[in-house]
Trainee: 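First, the structure itself, so that you have it in front of you.
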There are 2 protein chains.
Amino acid sequence: MTLRDIEIFVTVCELKSMSAAAKKLYMSQPAVSQTISQMEGELQVRLFDRIGRKLSLTYPGEILYSYGRRILNLVREAESTLDDVRNMRMGRLRVGASTTVGIYLLPEIIGEFRKRFSVDVYFTIDNTAGIEKLISDNSIDLGIVEGPVHSREIVVIPYIDDELYLVCSKNHRWAEKKSISPAEIENEDIIMREKGSGTREVFEETMARNNVSYRIKYVLTNTEAIKKAVEANIGVSVISRLAVEKEIRGGRLVKVDIGNIRFERKFSIIYHKDKFKSNLFEEFIRHLYNFSSNIK
Amino acid sequence: MTLRDIEIFVTVCELKSMSAAAKKLYMSQPAVSQTISQMEGELQVRLFDRIGRKLSLTYPGEILYSYGRRILNLVREAESTLDDVRNMRMGRLRVGASTTVGIYLLPEIIGEFRKRFSVDVYFTIDNTAGIEKLISDNSIDLGIVEGPVHSREIVVIPYIDDELYLVCSKNHRWAEKKSISPAEIENEDIIMREKGSGTREVFEETMARNNVSYRIKYVLTNTEAIKKAVEANIGVSVISRLAVEKEIRGGRLVKVDIGNIRFERKFSIIYHKDKFKSNLFEEFIRHLYNFSSNIK
DNA sequence: TTAGTAAAATAATATGATATTATGAAACTG
DNA sequence: CAGTTTCATAATATCATATTATTTTACTAA
């Protein structure tokens, strides 16, 4: 019993005529006859009583008619749902990101995206290595990470140039000057993320490259907590611009230049090289670039 | 998209491998590959991500998998239900009968039949012409009637020989004698069914054939009511043995012979000549004959 | 790194189910 | 009773769906 068989049978049921069904299905009448009698042979039940030249459904015929309609409806529903997916009227996108992007950028990006497409977006925050692994086993479709990616099977494309800002409280003595020499930082209490975080890695690497010594006095694993501590003038910190732009504009934190030292890093978009790029996927990448051009 | 496509796709989903699916379905691996890529072409969506040499379902793939399983389950359910019908584990039989048979015989017959098969039996009571029409337009599968059938397309097979008994109350003066001469009936008050009823037809025809005159004093359309009236000695009546055997055995009514006049008729089983005789249908006819041999 | 193996894709071909046309039988219509 | 309609049957054609053979790619183990 094929779907075609069912379609033919249901049409015959509804028109109570094989010839009419053949006409409606744009096929010859014997093809319909053959299909029906073949079904009767396979199922070993009589589907129609041929009384006179009228067809009337037998009891098993009625049963099959009712199932047949349900089956065809399900098939049509499946096809139209897939069509919706294809046309991005529905869909699913699984995105992963490292901490800074995940907390300070992606929620807004996804919010905007969902205003345009009513799709489900799943969203994971992990460190770069974790996101990389999720990409490798296809647990997420796309990631935005800060660190270097090692797997040769992952495509990495540059996304946003990020910069870490040295920030202090508006009550700090640097708040007025807005610029210091690298030497001035040496005796300052620095509040910093834990070892292994992307932010700390960039900070330490840049300081080392510029031969500046420093003293980390407080370690906090949460950027928001660091910002509060800096605001309270417990120390100064180096934080991604994405995390502190609002506070700087609001005057609660002050950005301070350290000679011409800049803490720079790049965010990258990553995905698996063999990943099929659905319409929704491509649309999301376009959306990411549109969004980034607003914040640069 | 055919059922075969869906079956192959679902198998691949479950085994996460085309080769394994091919093996399970006893077919070659390229056939599976081809089916999947053809489905992807038709539906215009990617169903699997081929990452490395592992397959993982895309979002539309997951949607189709869930629909696919439902569709296959429904098809299997339909097939197994039809199989139940074929093996008479379920079914439907629509029976019609004229009044006497319908009221005094069929309920018990159907009751016995349903003890053997758990099938639905629909049951219509009408006069012979009505039952004949229901057979003609296939509204019922089988009928049991008393009168002659006219349509050439209806098969009539003899069923039971019925006899009408002249009965009186146990308090009637005939109750002792149990036999009268035809002449004695002429001045007796007779209670009888209405004109057009099979019982009355047989009664009048038999009386006329034997040149016996009679006087119908009361007309009741309900045989039960007639029996009560006879019991109350309001008059005597002529009633099918099927309707009065219990009362005669119980002594509440007395059967009286009228010389050697007998009121005889035949019940017939009728069905449409083009009717497909399902197992259940044949079984019911056998059941009818088994049953009748118990009451003869 | 390199054989060896395994999985999926591709190409060419074979098979068989599912159509078609042609025709016949039965039954309803005027 | 002729004409028409409907379904069934037979012979044939077509096309979808399989198969075998082969290539490509990726994983595994020496």
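Quantities reported herein were computed from a predicted structural model and do not represent experimental measurements. Lettering follows sequence order; numbering is per chain, from 1.
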Trainee: Hey, is the main chain of A:E79 close enough, under 3.5 Å, to the side chain of A:D83 for a donor-acceptor pair?
Mentor: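 Flag not set: sc A:D83 to bb A:E79 has no pair under 3.5 Å.
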Trainee: Would you kindly give the CZ-to-P distance between A:F48 and D:dC7, to the nearest whole Å?
Mentor: 10 Å
Trainee: At under 4.0 Å between heavy atoms, which parts of nucleotides 16-28 of chain C does protein reach? Answer with one letter per nucleotide, 5' to 3': B base, S sugar-phosphate only, - none.
Mentor: --SBBBB----BS
Trainee: If the threshold is 4.0 Å, N to carboxylate O, is there a salt bridge linking B:R92 and A:E62?
Mentor: yes
Trainee: Starting from P on D:dA18, measure out to CD1 on B:I36 and report it in whole angstrom.
Mentor: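 Taking atom P of D:dA18 as the reference, CD1 of B:I36 is at 11 Å.
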Trainee: Report the distance from atom CE of A:M27 to atom OG1 of A:T11, rounding to the nearest 0.5 Å.
Mentor: 9.5 Å
Trainee: Check whether any side-chain N or O of A:S17 sits under 4.0 Å from OP1 or OP2 of D:dC7, and answer yes or no.
Mentor: yes
Trainee: In whole angstroms, how far is the P atom of D:dT6 from the CG atom of A:L15?
Mentor: 12 Å
Trainee: What is the distance from CG of B:L47 to C1' of C:dA8, rounded to the nearest Å?
Mentor: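 Taking CG of B:L47 and C1' of C:dA8, I get 15 Å after rounding.
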Trainee: Aromatic contact between B:F9 and B:F48, with the criterion being ring centroids under 6.0 Å apart: yes or no?
Mentor: yes
Trainee: Whole-Å distance between D:dT9 C1' and A:R50 CZ?
Mentor: 13 Å
Trainee: Whole angstrom is fine here: how far is it from CE in B:M39 over to C1' in D:dA16?
Mentor: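 B:M39 atom CE is separated from D:dA16 atom C1' by 15 Å.
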Trainee: Ring centres of A:Y59 and B:F276 under 6.0 Å apart?
Mentor: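 No - the distance between ring centres of A:Y59 and B:F276 does not fall below the 6.0 Å cut-off.
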Trainee: Can you measure from OG1 (B:T2) to CZ (A:R4) and round to the nearest 0.5 angstrom?
Mentor: 12.5 Å
Trainee: With a 4.0 Å limit, can you tell me whether B:S33 has a side-chain N or O closer than that to the phosphate oxygens OP1/OP2 of C:dA8?
Mentor: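 The answer is no; no side-chain N or O of B:S33 sits under 4.0 Å from OP1 or OP2.
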Trainee: Using whole Å, report how far CD of B:E40 lies from C1' of C:dA9.
Mentor: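 About 12 Å, once rounded to whole Å.
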Trainee: How many whole angstroms separate atom NZ of A:K23 from atom P of D:dC7?
Mentor: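 After rounding, the reported distance stands at 11 Å.
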